[in-house]
Amino acid sequence: MAVVQEKELACKAFLSGSPKKLLIGGKWVDAESGKTFETLNPATGEVLAKVAEGSKADIDKAVKAARDAFENGPWRKMSSYERGRLLYKLADAIEAHADEFAQLETLDNGKPIRESRYVDVPQAIETFRYYAGWATKIEGETVNVNPDFFNYTLREPVGVVGQIIPWNFPLLMAAWKLAPALACGNTLILKPAEQTPLSALRLGELACEVGFPEGVINIVTGFGENSAGEALSRHMDVDKIAFTGEDKTGKKILEASTGNLKRVSLELGGKAPNIVFADADIDAAVKGAITGIFFNQGQVCCAGSRLFLEKSIQDEFLTKLKEKAEGLRQGNGMDEKTQIGPQVSKEQQERIMSYIEAGQKEGAKLVCGGERPGGDLAKGYFVKPTVFSGVNNNMKIAQEEIFGPVLSVLNFGSVEEVAEQANKVAFGLSGAVWTKDIKKAHKLASQIKAGTVWVNCYNVFNAAIPFGGYKQSGYGRELGKHAIELYTQIKSVWVDMS
Ligand code: NAP
Ligand code: MG
């Protein structure tokens with residue numbers, strides 16, 4: 001297997017500096033408890049590094065450092081131009097270490113190196129550059145209400161921000177969180193997912209190198225429930241929590257936020273309808289269905305996990321889909337040829353297998369996959385690309401987020417029917433429509449209750465385009481100018497002119 005050998009690894013030096021520490025107040029420190037945890041390579045189950053296990057005491061320290069940096073540090077006095085410059089420098093630094101980041105991401109998460117290199121890392125860089133530009137463009141307004149008064153508004157940072165992210169796009173999610181928060185002048189505490197802490201820690205090192213003042217960016221690795229994540233969301237001196245992860249966790253975070261009514265924005269799960277009409281370019285739609293569900297091993301919140309096929313094309317489509325799904329090269333993500341890697345953890349692998357079992361019990365028909373691969377891959381957390389046909393929208397595999405490479409195929413007879421079925425789900429993060437009929441495309445785009453709709457494409461992203469959920473997929477929009485709203489608050493100032 002053409003796996004990069006250990007001696008060639010650009011991230012070798014970083015990995016050898018284990019155990020990795022917490023970044024608090026500009027210093028790398030051990031957890032107060034002295035505890036560490038292991039992060040594993042999901043392709044092999046081997047330990048990659050030990051990482052400090054932050055908990056409440058460390059969160060308390062980090063919040064203090066962030067508060068001090070916000071109220072008293074040089075950050076407060078820095079011009080927006082200088083803030084923007086620092087973000088540009090951080091983007092440049094990531095770019096200069098792009099190989100290293102791509103390897104860290106693939107080793108820690110399992111995703112194919114081609115995706116880390118051509119998607120995660122460049123999109124993270126793009127996000128930092130996009131918000132670097134925003135730093136100098138955050139404006140208030142004047143409103144002419146009454147000649148006796150002058151009124152203007154100030155758009156000010158929210159303050160100390162806690163950011164809790166998942167493991168599916170560790171570096172990119174860190175970028176989506178850090179870049180707008182910093183552009184707006186906040187200070188922050190980032191809590192990466194326990195499964196994938198490494199790229200965020202490397203990012204923290206670069207942030208220190210390029211000159212972010214101490215305490216502006218704090219990174220506390222550790223666990224969520226009853227630990228660092230929960231302490232952050234409960235903390236009385238945190239002004240805002242931005243969270244990406246599971247809907248159930250989002251609800252807990254919202255409850256924990258009530259103590260000081262901190263602002264909360266939530267990017268949660270999805271169960272996206274991917275709708276194909278008989279008049280679509282079928283080959284393009286097959287490709288779209290494949291990337292829609294198998295990109296990142298299906299561990300994508302906007303994965304097209306419910307494929308709706310117009311009845312007349314179902315057989316042809318399924319034949320092509322099966323052939324493509326079975327043709328995907330599954331293997332160690334470090335292999336340049338790998339198209340689908342392992343799931344992030346044994347826990348996720350088992351969770352996905354239990355959904356596959358549920359699908360079979362509920363009477364869905366297994367078209368392909370449905371098992372763990374054997375041989376070389378048996379020691380990693382792999383699941384074969386899986387397609388179920390004959391799925392009914394009430395089945396568990398059509399309603400719950402599996403977060404794995406499992407596609408549920410349903411069929412429909414009319415536009416009205418598919419619009420109704422597509423929306424019969426608790427989530428509303430995204431959806432897609434494949435057709436050559438522009439009226440049908442726009443009509444469905446307006447009918448689908450979701451924050452993103454793709455027409456004749458899937459998984460297209462840009463730092464300038466807002467992303468977020470309807471319904472139980474959360475609220476608040478990340479990316480684009482909308483994220484500026486998440487990280488600022490408005491003050492109106494009245495001046496007597498009479
Ligand atoms: P998760 O369990 O919700 O974890 C996400 C983050 O929250 C992790 O850092 C986790 O720490 C932390 N956490 C867990 N319990 C917490 C608590 N009680 N209080 C505070 N923090 C807590 O989700 P996941 O398993 O990492 O990711 C899978 C889910 O995330 C899927 O359902 C997927 O839909 C969703 N997701 C959504 C988006 C989106 O943009 N909408 C993106 C990615 C993933 P630990 O890692 O230590 O548990
Ligand atoms: Mg790992």
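What's counted below: heavy atoms across the whole structure, side chains too, no hydrogens, waters or symmetry copies. Remember, it's 1-based here, ligands and their atoms both numbered in the order they're listed.
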Heavy atoms from other residues, nucleotides or ligands near NZ of Lys137 exceed 12 (cutoff 6.0 Å): yes
Under 4.0 Å to a heavy atom of Gly269 - the qualifying atoms of ligand 1, by number: 34 (O)
Donor-acceptor contact below 3.5 Å, side chain Ser18 vs main chain Lys20: no
Pair Gln343, Gln299: side-chain N/O donor-acceptor within cut-off below 3.5 Å: yes
Thr244 contact mode with ligand 1 (heavy-atom cut-off under 4.0 Å): both
Indicate every side-chain donor-acceptor pair of residues 464-475 with a distance under 3.5 Å to a residue at least two apart or in another chain.
residue : atom : partner : partner atom : Å
Lys471  : NZ   : Asn423  : O            : 2.9
Lys471  : NZ   : Val425  : O            : 2.9
Gln472  : OE1  : Lys251  : NZ           : 2.9
Ser473  : OG   : Gly269  : O            : 2.7
Ser473  : OG   : Gly428  : N            : 2.8
Ser473  : OG   : Leu429  : N            : 3.2

Sub-4.0 Å heavy-atom approach of Gln195 to ligand 1: yes
Salt-bridge present (Arg351, Glu347; N to O < 4.0 Å): no
Test item, Ala228 contacting ligand 1 (heavy atom, 4.0 angstrom): no
Those atoms of ligand 1 less than 4.0 Å from some heavy atom in Pro192: 9 (O)
Proximity of Phe169 to ligand 1 by residue part, where a heavy atom lies under 4.0 Å: neither
Atom 39 (C) of ligand 1 [closest protein heavy-atom partner, distance rounded to 0.1 Å]: Cys301 SG, 3.0 Å
Residue-ligand contact Gly222/ligand 1, heavy atom below 4.0 Å: yes
Donor on one side chain, acceptor on other, Asn459 and Trp454, under 3.5 Å: no
Phe37 and Phe223 aromatic ring geometry - parallel, tilted or perpendicular at 30°/60° bounds: tilted
Shortest protein contact, atom 43 (C) of ligand 1 (heavy atom only): Asn168 ND2, 2.9 Å
Part of Val300 within contact of ligand 1 (heavy atoms, under 4.0 Å): neither
Any N/O pair Trp167/ligand 1 closer than 3.5 Å: yes
Glu350: partners by salt bridge (charged side-chain N to carboxylate O under 4.0 Å, His left out), with sequence neighbours left out: Lys346
Electrostatic pair Glu205:Arg202 at N-O distance under 4.0 angstrom: yes
Short side-chain donor-acceptor distance under 3.5 Å, Asp108 and Thr39: yes
Sub-4.0 Å protein heavy atom next to atom 4 (O) of ligand 1: no
Protein contact to atom 12 (C) of ligand 1 [nearest heavy atom, distance to 0.1 Å]: Ile164 CG2, 3.5 Å
Protein contact to atom 28 (C) of ligand 1 [nearest heavy atom, distance to 0.1 Å]: Phe403 CE2, 3.5 Å
Pick from Arg234, Lys248, Lys191, Glu246: the one approaching atom 29 (C) of ligand 1 most closely through a non-hydrogen atom: Glu246
Protein residue, atom and distance nearest to atom 16 (C) of ligand 1, heavy-atom basis: Thr249 CG2, 3.3 Å
Arg114, CZ atom: more than 12 neighbouring heavy atoms under 6.0 Å: no
Residue and atom name of the nearest protein heavy atom (relative to atom 47 (O) of ligand 1), distance in Å to one decimal: Glu194 OE1, 2.5 Å
Short side-chain donor-acceptor distance under 3.5 Å, Asn41 and Glu46: no
Shortest non-hydrogen separation from Gly298 to Ala303 and the atoms involved: O-CB, 4.2 Å
Closest approach of any protein heavy atom to atom 9 (O) of ligand 1, naming residue and atom: Ile165 O, 2.8 Å
Element-labelled atoms of ligand 1 that are located less than 4.0 Å from some non-hydrogen atom of Leu429: 41 (N)
Centroid separation Phe403 to Trp167 less than 6.0 Å: yes
Heavy-atom nearest neighbour of atom 30 (O) of ligand 1 within options Gly270, Gly245, Ser227, Gly469: Gly245
Residue portion contacting ligand 1 (non-hydrogen atoms closer than 4.0 Å) for Leu268: backbone
Per-atom contacts, ligand 1 versus Gly229 - under 4.0 Å to a heavy atom: 19 (N), 20 (C), 21 (N)
Nearest-contact summary for atom 32 (O) of ligand 1 - protein heavy atom, Å: Glu401 OE1, 2.4 Å
